[in-house]
There are 2 protein chains.
Amino acid sequence: MIDQGISKQTLQRLPFYLGYLKTLDKVTVETVSATTIAEALNLNQVQVRKDLASVCSLGRPKIGYVTQELICEIEHFLGYDNAESAVIIGAGKLGKALLGYRGFEEYGLNIVAAFDADENVVGTEENGKKIFPMSKLKNLCERMKIHIGIITVPAEYAQRVCDSLVESGILAIWNFAPVHLTVPEHILVQNENMASSLAVLSKHLSQKFSEEAQKIG
Amino acid sequence: MIDQGISKQTLQRLPFYLGYLKTLDKVTVETVSATTIAEALNLNQVQVRKDLASVCSLGRPKIGYVTQELICEIEHFLGYDNAESAVIIGAGKLGKALLGYRGFEEYGLNIVAAFDADENVVGTEENGKKIFPMSKLKNLCERMKIHIGIITVPAEYAQRVCDSLVESGILAIWNFAPVHLTVPEHILVQNENMASSLAVLSKHLSQKFSEEAQKIG
DNA sequence: CGTATATCGATATATCTTTATCGATATAAT
DNA sequence: ATTATATCGATAAAGATATATCGATATACG
Ligand SMILES: NC(=O)c1ccc[n+]([C@@H]2O[C@H](COP(=O)([O-])OP(=O)(O)OC[C@H]3O[C@@H](n4cnc5c(N)ncnc54)[C@H](O)[C@@H]3O)[C@@H](O)[C@H]2O)c1
Ligand SMILES: NC(=O)c1ccc[n+]([C@@H]2O[C@H](COP(=O)([O-])OP(=O)(O)OC[C@H]3O[C@@H](n4cnc5c(N)ncnc54)[C@H](O)[C@@H]3O)[C@@H](O)[C@H]2O)c1
């Protein structure tokens, strides 16, 4: 593998490249240049070249990269060809939406089951995936060698659930609850914090409006 | 306002500070230091101080910040006291989960309605919020002065929907579809790209495993 | 064949972000 | 009153990320 020390920003851009490449007609667009990708995604062309360099074999001057090869290499780098299994904790509105989403399989994530504390939810299914009681969590994770846990319980229970996941041998946590989770050093928490996204949106608007006001006033 | 040129990273951390501050008992914890916050959220204390400096009035040596004041100032800075209205396009699994989520009100976001192309969905409600046909989008956005659009349609329709939103006077877009959207310069797109999050999780795991393998082999 | 051009990779520069250091100050303890 | 300590803000240093520049190279075309 060529990885070793790829930057987080680069890593997060790779799925965008992949998405774009997949929209191309593989028959007519046999090769693609960093310039083209950069223009389509509104990025700097040098950045695209650097990002690709950390993932793929060589591009050729005047030609660019072979589209199909590039797709394969990015997919391989991101582990899409080697799916990881995950469990969801909290089969509420959001948890069920995630459980029912087919897209994750394409990204190398296989959600195998959900767990919930609510007896009324336990025993039901969503998208063919069973919802188990919390008491079964540890056993199932260990037995199925599951390393990713997805937290979609209310914020006040998230730390407790997080601890159970760590206890069950989970190594990476995808946290949708709007709280900071405290974990041992070797565990990774990736927050999908919507409040952070909202902060960006809302600041953009308030700045826009204060600019307007200044122009007028 | 003290804003003007706050970094995106800082902006995204503010909700974390706020969340932490709100867990504190306002009676017993009248003041709080950057050191304490940093420890609780696993951040560098200088970073916390710098972040707070761009939002709030002075902290006092040996004392820290007045908890209640800090909460108010961050909330004000993030515009939580001055809610923005938004619409959702695509009332599918994810769209409905977002529609049904109460938490957004707390973050100064008021989702007023959803729109969908599917006749079977149009006319129904979710959490007391109506789902309208796409034909009503422009009129409603203009009439209600809505500036935020949330995209939860399948990826292949996202660009088209995005164009309609821009056409309807939207200034900021929160995009949940896994594609890059092309917009005029003055419009902000904030991607909630789950594939990017997954890339980070998955790389963490594969690195972990290759380290293990190296130790053993 | 020679020249123009698109594109690459590498290296250098600029910008943004985080972390470290230091003097100042408010409180508490001696 | 003096000293110790927690904390602040400001500034400096380090680290990460993005952008600009430049020589090299593969193709196309005259
Ligand atoms: N719904 C959304 O659109 C949305 C958006 C952003 C963030 N979130 C966050 O995602 C989380 C879930 O939101 P939701 O709207 O799905 O809530 P929800 O109330 O619909 O679902 C929560 C589920 O978690 C279960 N649960 C509660 N405590 C548990 C525990 N200790 N162990 C196991 N299961 C437990 C409940 O039984 C319920 O089924 C919340 O933290 C919320 O802030 C949700
Ligand atoms: N469900 C998830 O958990 C999840 C997770 C990550 C990303 N996403 C992304 O969010 C988006 C929605 O996912 P979903 O699972 O809710 O899908 P879904 O199929 O359940 O819902 C999509 C909705 O959009 C509507 N729609 C389709 N084309 C439209 C158009 N042109 N104009 C207006 N409405 C239109 C459909 O009628 C449907 O109601 C997708 O892009 C998906 O990739 C979903």
Side-chain angles (χ1 to χ4, degrees), chain A residues 2-17 20-21 24 29-67 69-70 73-74 180 191 196 199-200 203-204 207, chain B residues 2-17 20-21 24 29-67 69-70 73-74 180 191 196 199-200 203-204 207:
Chain A
I2 326 163
D3 84 64
Q4 210 70 22
I6 188 175
S7 94
K8 191 171 169 178
Q9 315 297 318
T10 296
L11 198 45
Q12 299 202 87
R13 277 189 296 268
L14 291 177
F16 281 91
Y17 298 147
Y20 171 70
L21 294 171
L24 302 176
V29 193
E30 263 184 64
T31 63
V32 62
S33 75
T35 319
T36 313
I37 299 177
E39 255 164 42
L41 301 183
N42 209 26
L43 296 170
N44 181 289
Q45 62 177 110
V46 181
Q47 188 172 58
V48 173
R49 238 173 256 132
K50 276 191 93 183
D51 285 349
L52 295 184
S54 58
V55 173
C56 74
S57 45
L58 291 190
R60 279 157 64 207
K62 183 80 183 179
I63 302 285
Y65 306 84
V66 179
T67 314
E69 274 180 23
L70 199 48
E73 286 174 313
I74 298 178
H180 170 83
N191 291 301
S196 290
V200 176
K203 206 74 233 161
H204 171 80
Q207 249 155 16
Chain B
I2 327 167
D3 83 65
Q4 211 70 20
I6 188 175
S7 94
K8 191 171 168 179
Q9 315 296 320
T10 296
L11 199 45
Q12 300 203 88
R13 277 189 295 267
L14 290 176
F16 280 91
Y17 298 147
Y20 170 70
L21 293 171
L24 301 177
V29 193
E30 263 184 64
T31 63
V32 62
S33 75
T35 320
T36 313
I37 299 176
E39 254 164 42
L41 301 182
N42 209 25
L43 296 170
N44 181 289
Q45 62 177 109
V46 180
Q47 189 172 58
V48 174
R49 239 174 255 133
K50 276 192 94 183
D51 285 348
L52 295 183
S54 58
V55 173
C56 75
S57 46
L58 291 190
R60 279 157 63 207
K62 182 79 183 183
I63 301 288
Y65 307 83
V66 179
T67 315
E69 275 180 22
L70 198 49
E73 286 174 312
I74 298 178
H180 170 83
N191 291 301
S196 291
V200 175
K203 207 74 230 161
H204 171 80
Q207 250 155 18

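Naming convention: chains lettered A, B, ... in sequence-line order (proteins, then strands); numbering from 1 in each chain.
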Chemist: What are the two closest heavy atoms between A:A38 and A:Q45, and how far apart are they?
Modeler: CB-CA, 3.6 Å
Chemist: Where along residues 39-47 of chain B does a heavy atom fall under 4.0 Å from DNA chain D?
Modeler: none
Chemist: Looking at CG of A:N191 and CZ of B:F16, how far apart are the two atoms once the value is rounded to the nearest 0.5 Å?
Modeler: 4.0 Å
Chemist: So, taking the atom named CG in A:L21 and the one named CG in A:L70, what distance separates them when rounded to the nearest 0.5 Å?
Modeler: 5.0 Å
Chemist: Can you name the closest pair of heavy atoms from A:Y17 and A:L41 and give their distance?
Modeler: CD2-CD1, 3.6 Å
Chemist: May I have the distance from B:K8 (atom NZ) to C:dT18 (atom P), rounded to whole angstrom?
Modeler: 13 Å
Chemist: Separation of A:Q9 atom CD from D:dG15 atom P, in whole Å?
Modeler: 18 Å
Chemist: Determine whether B:I37 and B:L52 make a side-chain contact, defined as any pair of heavy atoms from C-beta on separated by less than 4.5 Å.
Modeler: yes
Chemist: Looking only at side-chain atoms of A:S33, point me to the closest of C:dT7, D:dG9, C:dT17.
Modeler: C:dT7
Chemist: Donor-acceptor check, side chain of A:T31 to backbone of A:G64, threshold 3.5 angstrom: yes or no?
Modeler: no
Chemist: So which heavy atom on B:L11 is nearest to which on B:P15, and how close?
Modeler: O-CD, 3.2 Å
Chemist: Roughly, in whole Å, what's the span from CZ in B:R49 to P in C:dA20?
Modeler: 13 Å
Chemist: Check for a donor-acceptor pair, side chain of B:S196 on one end and backbone N or O of A:Q12 on the other, with a separation under 3.5 Å.
Modeler: yes
Chemist: State which of D:dC8, D:dA18, D:dG9 makes the closest approach to the side chain of A:K50.
Modeler: D:dA18
Chemist: Nearest to the side chain of A:R13 - D:dA18, C:dT17, D:dT7?
Modeler: D:dA18
Chemist: Please state how far atom CG in B:L52 lies from atom C1' in D:dA10, giving the value in whole angstrom units.
Modeler: 16 Å
Chemist: Tabulated below should be each protein N or O lying under 3.5 Å from an N or O of nucleotides 24-28 of chain C; please produce it.
Modeler:
from: C:dT27; atom 1: OP1; to: B:R60; atom 2: NH2; distance (Å): 3.0

Chemist: Flag the pair A:L14 / A:I6 as yes when at least one side-chain heavy-atom distance between them is below 4.5 Å, and no otherwise.
Modeler: yes
Chemist: To the nearest angstrom, how far is B:D51 atom CG from D:dG9 atom C1'?
Modeler: 14 Å
Chemist: On the nucleotide D:dA6, are OP1 or OP2 found under 4.0 Å from the side-chain N or O atoms that B:Y65 carries?
Modeler: no
